Amino acid sequence: MSRLPLQGLLVLEFSQYLSGPSAGLRLADLGARVIKVERPQTGDAGRRLSIKDLWTDDSSMLFHTINRNKESYTADLKNSDDLAQVKQLIEKADVLTHNFRPGIMEKVGLGYSEVIKINSRIIYGAISGYGTEGPWKNRPGQDLLLQSMSGLAYTTGNAKDNPMPFGLAIADNLCGSQLVQGILGALIRRQKTGAGALIEVSLLESLLDFQFELLTTYHSSGKLPKRSKVNNGHPLLHAPYGIYATANGYIAIAMVDIKQLAKAIDCNDLMAYDQQVAFSLRDEIKSVLAKHLLMQPSAYWLEKLHAKDLWAMEVLDWERLTKLEAYKCLQMEQTITTTQGKNITTTRCPIRINGERIYSPKPAPQLGEHTEKINEELIGNG
């Protein structure tokens, strides 16, 4: 793509682990120049956080997946000379992001009130775990902890199951996406008015927003949502919504009229129910359906359901998914070669612009890899 929409913008990323770096990744994919400002010797703590005990070069595979397409600049913010150089970078920056606990950036003189004295047009993006006020503000903002105390762990699994977290860092990824939304909105306003902005998001607020259906229902009814006893898919939705075992695998069935479903799969026992009792008798209906679906393989049921245009799909793992033509035509993979020559297959940016996919094969930087270059180019004292 000849010109990405954020080309020419300079982003300083003081973020670590997942939430802040995921925002920086998206900004970089869209064309921004993203410079990670890291501690000398140790760098972003995400460099040492491995997934499945996988490492690439001297940094974890996790670091490489979330920090491709960026540059690395080392600076000790407690050192007056390094801090002075960082402030010179801030003078030239369009965006600054961090995900430190409240008060950390203020301690080193880089809180928003100080930064806007250096650059009044800057968009300052801050991620916290629980907001900047209240008794939880200094608690660790870690994804599993946020999922657990936000109520999200009671949406997955069946009614008798223990609280169950998502199998991925949903809070970090959602929060990073919302920071990007706020930054883009502020950049548009700055283009019109010249004014910078402070954009604040938190992991907790991101997960609460993620559960807007559940919370709105709770506030309206005063009752906690309950997971189905069997085949739970969504605590607010009626039968048959859920995942069901078949003779050789699993299928997912979404919002489907009970009578239409019964006819499509020739289930006489299911014909005794209609849509009026689809929620009140949810578990009973699901139990009848689950027993019937065990009689034939997934392909048999899907053929019948799709013939009636009913919403159902097979449950796939990644090994099967990636072999399918429907997956291959998306072209979601890209290969990145690290500075030490190792190839990593990862996902591309999911956004298309004017029909073009966005690929960003530039690898994650080695710690401090671009410090001298940035000093020469942006500060003039290489």
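Since this is a predicted model, take the numbers as computed values, not measurements.
Using a 4.5 Å heavy-atom cutoff, the side chains of Leu187 and Ile123 are in contact. In this structure, Leu261 and Asp257 have side chains that are not in contact, with every pair of non-hydrogen atoms separated by 4.5 Å or more. Between Val11 and Asp94 there is no side-chain heavy-atom pair separated by less than 4.5 Å. In this structure the side chain of Thr74 never reaches within 4.5 angstrom of the side chain of Arg39, judged on heavy atoms. Side-chain atoms of Gln211 and Leu152, non-hydrogen and from C-beta on, do get closer than 4.5 Å to each other. Side-chain contact between His306 and Met313: present, with at least one pair of heavy atoms (C-beta onward) separated by less than 4.5 Å. Within the 4.5 Å cutoff, no side-chain heavy atoms of Asn231 are placed close to those of Ile253. Proximity of Arg68 to Asp29: side-chain heavy atoms (C-beta onward) are separated by under 4.5 Å at one or more points.
Using modelled atom types and a 3.5 Å distance limit, the side chains of Asp81 and Gln85 yield no donor-acceptor pair. With 3.5 Å as the limit, one finds no donor-acceptor pair spanning the side chains of Glu333 and Thr345. For Asn343 and Thr337, the side-chain atoms include at least one donor-acceptor pair closer than 3.5 Å.
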Side chain to side chain donor-acceptor pair (under 3.5 Å) evaluation trace for Asp172 with Gln142: CA-CA 8 Å; Asp172 286 316; Gln142 194 278 329; 5.9 Å; no
Glu114 and Lys117: CA distance, side-chain angles, deciding distance, salt bridge (charged side-chain N to carboxylate O under 4.0 Å, His left out) verdict: CA-CA 5 Å; Glu114 293 301 316; Lys117 294 176 184 176; 3.4 Å; yes
Evaluation steps, side-chain contact (heavy atoms from CB on, under 4.5 Å), between Ile336 and His64: CA-CA 9 Å; Ile336 293 171; His64 280 270; over 6 Å; no
Criterion side-chain contact (heavy atoms from CB on, under 4.5 Å) on Glu38 and Arg47, from CA distance to verdict: CA-CA 11 Å; Glu38 302 186 73; Arg47 288 183 180 272; 2.9 Å; yes
Salt bridge (charged side-chain N to carboxylate O under 4.0 Å, His left out) between Glu377 and Arg33, worked out: CA-CA 13 Å; Glu377 182 181 350; Arg33 180 181 184 182; 2.9 Å; yes
Working for side-chain contact (heavy atoms from CB on, under 4.5 Å), residues Ile265 and Trp301: CA-CA 7 Å; Ile265 61 174; Trp301 297 123; 3.6 Å; yes
Working for salt bridge (charged side-chain N to carboxylate O under 4.0 Å, His left out), residues Glu71 and Lys36: CA-CA 6 Å; Glu71 300 172 45; Lys36 291 184 68 68; over 6 Å; no
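By the 6.0 Å contact criterion, NZ on Lys291 is open, its count of non-hydrogen atoms from other residues, nucleotides or ligands being 12 or less. Heavy-atom contacts from other residues, nucleotides or ligands closer than 6.0 Å to CZ of Phe166 number more than 12. More than 12 heavy atoms of other residues, nucleotides or ligands sit less than 6.0 Å from atom CD of Gln340. Within a 6.0 Å sphere centred on CD of Gln331, other residues, nucleotides and ligands contribute more than 12 heavy atoms. No more than 12 heavy-atom neighbours from other residues, nucleotides or ligands sit within 6.0 angstrom of CZ on Arg139. When the shell of 6.0 Å around CE of Met149 is examined, it contains more than 12 heavy atoms from other residues, nucleotides or ligands. With a 6.0 Å radius and a threshold of 12 heavy atoms from other residues, nucleotides or ligands, Phe279 has its CZ atom above the threshold. Sparse packing is recorded around NZ of Lys308, with 12 or fewer heavy atoms of other residues, nucleotides or ligands lying under 6.0 Å away.
In plain terms, the two heavy atoms of Ala262 and Leu270 that are nearest each other are CB-CB, 3.7 Å. Pairing each heavy atom of Asp266 with each of His292, the nearest pair is O-CE1, 3.5 Å. Of all the heavy atoms in Gln178 and Ser206, the pair that sits closest is OE1-OG, 2.6 Å.
The pair Glu284-Lys229 does not count as a salt bridge, with every side-chain nitrogen at least 4.0 angstrom from each carboxylate oxygen.
Not a single donor-acceptor pair under 3.5 Å links the side chain of Gln296 to the backbone N or O of Ala247.
Placement of Leu310 and Leu289 within a single hydrophobic cluster is found when ILVMFWY residues are connected by side-chain heavy-atom separations under 4.5 Å, directly or transitively.
With rounding to the nearest 0.5 angstrom, the OH atom of Tyr327 is 10.5 Å from the CG atom of Leu324.
Between Tyr112 and Tyr124, the ring planes are perpendicular. Angles over 60° get that label, and only those under 30° would be called parallel.
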